[in-house]
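Note that ligands are numbered from 1 as they come in the structure, with each ligand's atoms numbered from 1 the same way.
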Amino acid sequence: MPLTGTYERGTADWASEQVDLFESTNGAEGNELRGRPIIVMTSVGAKSGNLRKIPLMRVEHEGEYAVVASLGGAPKHPTWYYNLKANPHVELQDRSVKKDYLARELEGAERELWWERSVATWPDYVEYAKKADRVIPLFLLTPITD
Ligand code: F42
């Protein structure tokens with residue numbers, strides 16, 4: 001069941017502009033960052049209830065995706081972290097394919113497995129983890145198949 005609501009642009013212009021390009025070309029353009037693939041995730045704002053769309057690095061394995069709340073190693077979580085905690089039903093578009101997913105924050109061995117997969121995709125996450133004085137949260141997005 002796709003998400004419905006009013007799209008409210010984020011305040012990171014560079015990211016919102018990448019969403020614009022990605023969506024206007026149905027994922028054919030704006031689908032990379034420094035040559036590495038990205039996806040666009042739509043979540044429901046924890047406070048606004050509006051739709052929030054953000055580009056994230058593409059970390060995929062057998063139809064499931066991880067999203068990494070790194071925010072470039074900032075000391076605080078990105079606000080989308082709180083959206084997923086409040087509203088775990090998200091949409092993810094990978095190139096031209098958009099599906100519904102349930103987001104679950106990972107811990108322990110499961111988190112380690114997906115952290116390795118994330119770093120293999122985007123090695124900068126290692127630097128971000130050193131810089132941030134917090135444990136960078138990972139969510140696993142599992143397809144909703146109803
Ligand atoms: N960010 C990552 O954290 N990880 C990545 O792997 C990543 C990859 C990436 C690739 C390409 C690209 O262009 C950007 C990339 N980013 C990545 C940046 C990412 O797209 C986001 O810009 C960044 O993570 C910050 O997300 P944010 O949710 O903190 O957005 C900020 C900029 C924002 O828009 N804030 C709004 C504001 O008004 O301050 C609020 C947004 C929001 O969701 N508000 C909630 C609501 O209710 O609507 C309330 C949330 C709450 O409870 O406070």
Side-chain angles (χ1 to χ4, degrees), residues 2-107 110-143:
L3 296 174
T4 55
T6 308
Y7 168 42
E8 186 178 357
R9 286 174 79 81
T11 53
D13 288 343
W14 59 289
S16 299
E17 283 156 16
Q18 179 154 23
V19 171
D20 294 344
L21 178 59
F22 184 93
E23 291 206 320
S24 63
T25 61
N26 195 27
E29 291 178 46
N31 54 34
E32 290 185 349
L33 178 68
R34 298 200 324 244
R36 302 298 298 149
I38 65 103
I39 53 90
V40 168
M41 180 179 74
T42 302
S43 63
V44 175
K47 292 178 183 156
S48 70
N50 292 333
L51 297 184
R52 297 290 192 167
K53 300 181 183 184
I54 53 160
L56 295 166
M57 297 322 294
R58 180 187 184 277
V59 181
E60 184 273 344
H61 183 75
E62 295 180 354
E64 292 184 305
Y65 292 80
V67 290
V68 183
S70 51
L71 195 56
K76 62 180 179 59
H77 298 337
T79 52
W80 63 261
Y81 170 83
Y82 304 99
N83 296 345
L84 266 55
K85 295 301 280 184
N87 304 301
H89 176 187
V90 301
E91 287 175 354
L92 180 146
Q93 183 168 345
D94 186 355
R95 293 277 177 146
S96 62
V97 179
K98 188 176 200 178
K99 290 184 186 172
D100 291 74
Y101 294 81
L102 208 54
R104 172 171 61 89
E105 187 171 1
L106 295 182
E107 292 177 342
E110 207 181 11
R111 183 190 180 287
E112 284 315 303
L113 172 64
W114 282 94
W115 176 255
E116 291 310 315
R117 289 173 176 158
S118 303
V119 167
T121 298
W122 188 249
D124 286 14
Y125 284 136
V126 174
E127 291 313 307
Y128 300 164
K130 285 180 192 157
K131 208 168 98 179
D133 55 1
R134 62 185 168 98
V135 176
I136 291 179
L138 259 73
F139 291 87
L140 179 62
L141 270 52
T142 303

| message | Suppose we screen for ring-ring contact (aromatic ring centres under 6.0 Å, His included). Which residues come up paired with Tyr101, at least two apart in sequence or across chains? | response | Tyr65
Could you go through residues 114-121 and list every donor-acceptor pair under 3.5 Å that involves a side-chain atom there, pairing it with any protein atom two or more places apart or in another chain?
residue	atom	partner	partner atom	Å
Arg117	NH2	His61	NE2	3.2
Ser118	OG	Trp114	O	2.7
Thr121	OG1	Arg117	O	3.1

| Distance-only side-chain donor-acceptor flag, Gln18 / Asn31, under 3.5 Å | no
| field | Near ligand 1, at a heavy-atom separation below 4.0 Å: residues by chain and residue number | value | Gly10, Thr11, Ala12, Trp14, Ala15, Gln18, Leu33, Ile38, Gly45, Ala46, Lys47, Ser48, Arg52, Ile54, Pro55, Leu56, Met57, Val68, Ala69, Ser70, Leu71, Pro78, Thr79, Trp80, Tyr82, Asn83, Tyr125
| message | Heavy-atom count check: over 12 atoms from other residues, nucleotides or ligands less than 6.0 Å from Lys98 NZ? | response | yes
| said: Are there over 12 heavy-atom neighbours, none belonging to Glu107, within less than 6.0 Å of that residue's CD? | reply: no
| message | The criterion is side chain to side chain donor-acceptor pair (under 3.5 Å); which residues satisfy it with Asn87, sequence neighbours excluded? | response | none
